[in-house]
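Worksheet for the structure shown next.
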Amino acid sequence: MVASGVGLPFQGGPAAFSLVRLIDEGSADRGIVAAPRVPGAWAAALARVTEAPPAFAGLPTDRPLVMGIINVTPDSFSGDGLAGSAEAAIARGRAMLEAGADLLDIGGESTRPGAEPVPPEEEISRVLPAVRALAAIAPVSIDTRNAETMRAALDAGARIVNDISALRHDPAAMALLAERGAPVVLMHMLGLDPREMQREPQYGDAALEVAEFLRKRVEAAERAGIPRARIAVDPGLGFGKAVEHNLSLVQRLPLLAGLGCRILLGASRKRSLGVISGEAAAGLRVAPSVAAALCGVARGAAIVRVHDVAETAQALRVWDTLSGR
C-alpha cells in the first residue's frame, strides 16, 4: 500500500492504512480523506500515527513486549495474589523471566472493583523486597498510585512507575517523577476510586473519551517536566468500563497512536473476556487473554501486561514470525 502510494505506514511498522479522520478537541469531526490527500495542516498529528513512537524506558522496540504481573496482595481479582510473601513474589518473577517476560510489574495494592485502599507504608512493606531482588536482574515497574511508594520503589531499583490514576491520585507524584526522570505509564480509570468505578459506567463514545482523557494527561505530564518520550499510555480495560466499552477500546486502539506514546494493554483475565468466552473462572481465561493480547498488538500495543507469560510469549513469537515482521 505504501509503495503504491495508496496508504501510509502505521507507527513505522509493517501495517498500513488508507483513510484518515481528524477529530479535534471537543470531538469536532473533520471528515475522512484518503491517505495520499491528507491536508498539510494535519501533518503534525499524522506524524504521530505514521512514525514509530519513541523508545520507552530503554526497552526494546523491535517487537511487542510482555510485562509479567506480580500481585503481592491477598485479594487479586485473578486469584494470583501472593498475600504479601516476598519469597513467592521473587520466585514468580524469576519464573516469568525464564518464560519470556521482558519486564515485571509489581503491585502491593489490589485495585479490583470494590477493593479497599492500602496505606502506603503497608504497600511499601509488601513490594520492596521483591522490587529490590528482581530489579537487579530485569526491568521492574512499580504498580502504584502513591508517591511515597513510587519514591521507595525507585530508590530500590524500579525503572518505571505504572499509575492507574494517571498521576491524579497523589498531588506529589507528578513532581516526583519529573525530578527523578522516571518513565511512567498513564492509565485511564473512570473517577479516582476503584470502589466506585464499576457502578454503571457511562460514556458517549468510550474510545474517543478515553483517548481525549489520555491526551490531556500526557499534556499535563509534559507541562510538569515529564517529556512524552518517557510516557506510555494504557486505556485501562475494566477500570470503569462495561463489556461493550472494553471491546470498543481494543477494536479502536489505533486512536491512541495519535498521542505519540507507546501503548500498553492490560486485558489479561479480565471479566469481559470471561463474558465473551463463557469462562467464569478468571484463572482459566488463558486462551481468551492470549487472543486479546494478539488483537491488541495487531492494533498498536507495544507492551501487553499479562498473568500468563509463557503462553503469551510463545503466541507472540509465532504471530510475529507468521506476520513477517
Side-chain angles (χ1 to χ4, degrees), residues 2 8-16 44-69 96-97 100-106 131 134-143 150 153-154 157-163 166-167 174 176-187 211 214-215 217-235 253-266 293-294 296-306 309 312-313 316-317 319-320 323-325:
V2 175
L8 293 170
F10 178 58
Q11 293 185 314
L46 186 63
R48 287 179 176 164
V49 181
T50 58
E51 298 173 3
F56 177 70
L59 297 169
T61 59
D62 60 337
R63 55 184 172 80
L65 306 180
V66 175
M67 172 189 272
I69 301 169
M96 285 181 165
L97 293 171
D102 297 286
L103 66 162
L104 302 170
D105 192 41
I106 302 174
V131 170
L134 295 170
I137 57 175
V140 163
S141 165
I142 181 65
D143 180 4
M150 295 175 192
L154 291 171
R159 184 187 298 183
I160 301 163
V161 169
N162 182 13
D163 185 354
L167 302 179
M174 194 89 77
L176 170 67
L177 297 188
E179 174 193 342
R180 299 294 294 268
V184 62
V185 179
L186 302 177
M187 195 196 81
L214 290 171
R215 180 186 69 79
R217 294 312 297 161
V218 168
E219 291 174 353
E222 284 188 309
R223 288 193 298 271
I226 304 172
R228 197 172 294 244
R230 292 213 310 265
I231 301 171
V233 294
D234 179 351
L253 196 64
L255 278 172
L256 299 186
L259 300 176
C261 301
R262 295 279 165 178
I263 300 170
L264 184 150
L265 184 69
L294 293 177
V297 165
R299 286 166 168 79
I303 306 170
V304 288
R305 183 177 181 273
V306 304
V309 168
T312 307
L316 283 173
R317 284 196 292 271
W319 178 86
D320 210 38
S323 299
R325 289 167 60 93

Which heavy-atom pair separates Phe56 from Pro183 by the least distance, and what is that distance? CE1-CB, 3.6 Å
Quick one: list whatever passes side-chain contact (heavy atoms from CB on, under 4.5 Å) with Asn162, sequence neighbours left out. Asp105, Ser141, Asp143, Val185, Arg305
When you look at Ile263 and Gln11, which way does the side-chain contact (heavy atoms from CB on, under 4.5 Å) test go after all the steps? CA-CA 11 Å; Ile263 300 170; Gln11 293 185 314; 4.2 Å; yes
Any side-chain heavy-atom pair of Val49 and Pro254 under 4.5 Å: no
Report yes if some heavy atom in the side chain of Leu59 is under 4.5 Å from a heavy atom in the side chain of Arg159; otherwise report no. yes
In Å, rounded to the nearest 0.5 Å, how long is the span from CG of Leu256 to CG of Asp234? 9.0 Å
Nearest non-hydrogen partners of Leu259 and Ala211, listed with the distance: CD2-O, 4.2 Å
Using the test side-chain contact (heavy atoms from CB on, under 4.5 Å), find all partners of Ala220 that sit at least two apart in sequence or belong to another chain. Met174, Arg217, Arg223
Closest non-hydrogen atom pair between Leu294 and Trp319, with its separation: CD2-CB, 3.7 Å
Check whether any side-chain heavy atom of Leu176 lies under 4.5 Å from a side-chain heavy atom of Val161, and answer yes or no. no
Report the C-alpha separation of Leu154 and Leu177 in whole Å, then their side-chain angles, then the decisive distance to 0.1 Å, and conclude whether the side-chain contact (heavy atoms from CB on, under 4.5 Å) test is met. CA-CA 10 Å; Leu154 291 171; Leu177 297 188; 4.1 Å; yes
Roughly how far, to the nearest 0.5 Å, is CE of Met67 from CG of Leu103? 4.0 Å
Heavy atoms, side chains only, cut-off 4.5 Å: are Glu222 and Arg230 in contact? no
Expected output: side-chain Arg63 to main-chain Arg317 donor-acceptor under 3.5 Å: no
Interatomic spacing from CG in Leu186 to SG in Cys261 - rounded to 0.5 Å: 7.5 Å
Tell me, do Ile160 and Ile142 make a side-chain contact under 4.5 Å, heavy atoms counted? no
Is the shortest heavy-atom distance from the side chain of Pro64 to the side chain of Val304 under 4.5 Å? no
Distance col, row Asp102:CG vs Ile303:CD1, nearest 0.5 angstrom, shows 8.5 Å
So Leu265 and Pro235, do their side chains get closer than 4.5 Å, heavy atoms only? yes
Hey, could you give me the CD1/CG distance between Ile137 and Leu97, rounded to the nearest 0.5 Å? 5.5 Å
Ignoring hydrogens and angles, tell me if any N or O in the side chain of Arg262 forms a donor-acceptor pair with the backbone of Pro53 under 3.5 Å. yes
Is there a side-chain contact between Asp163 and Met150, using heavy atoms and a 4.5 Å cut-off? yes
Using every non-hydrogen atom in the two residues, find where Thr312 and Ala293 come nearest and quote the distance to one decimal. CG2-CB, 4.1 Å
Identify the two heavy atoms, one from Ala158 and one from Ala135, that lie closest to each other, and give their separation to 0.1 Å. N-CB, 4.2 Å
Residues Ala224 and Ala178: closest non-hydrogen pair is O-CB, 3.3 Å
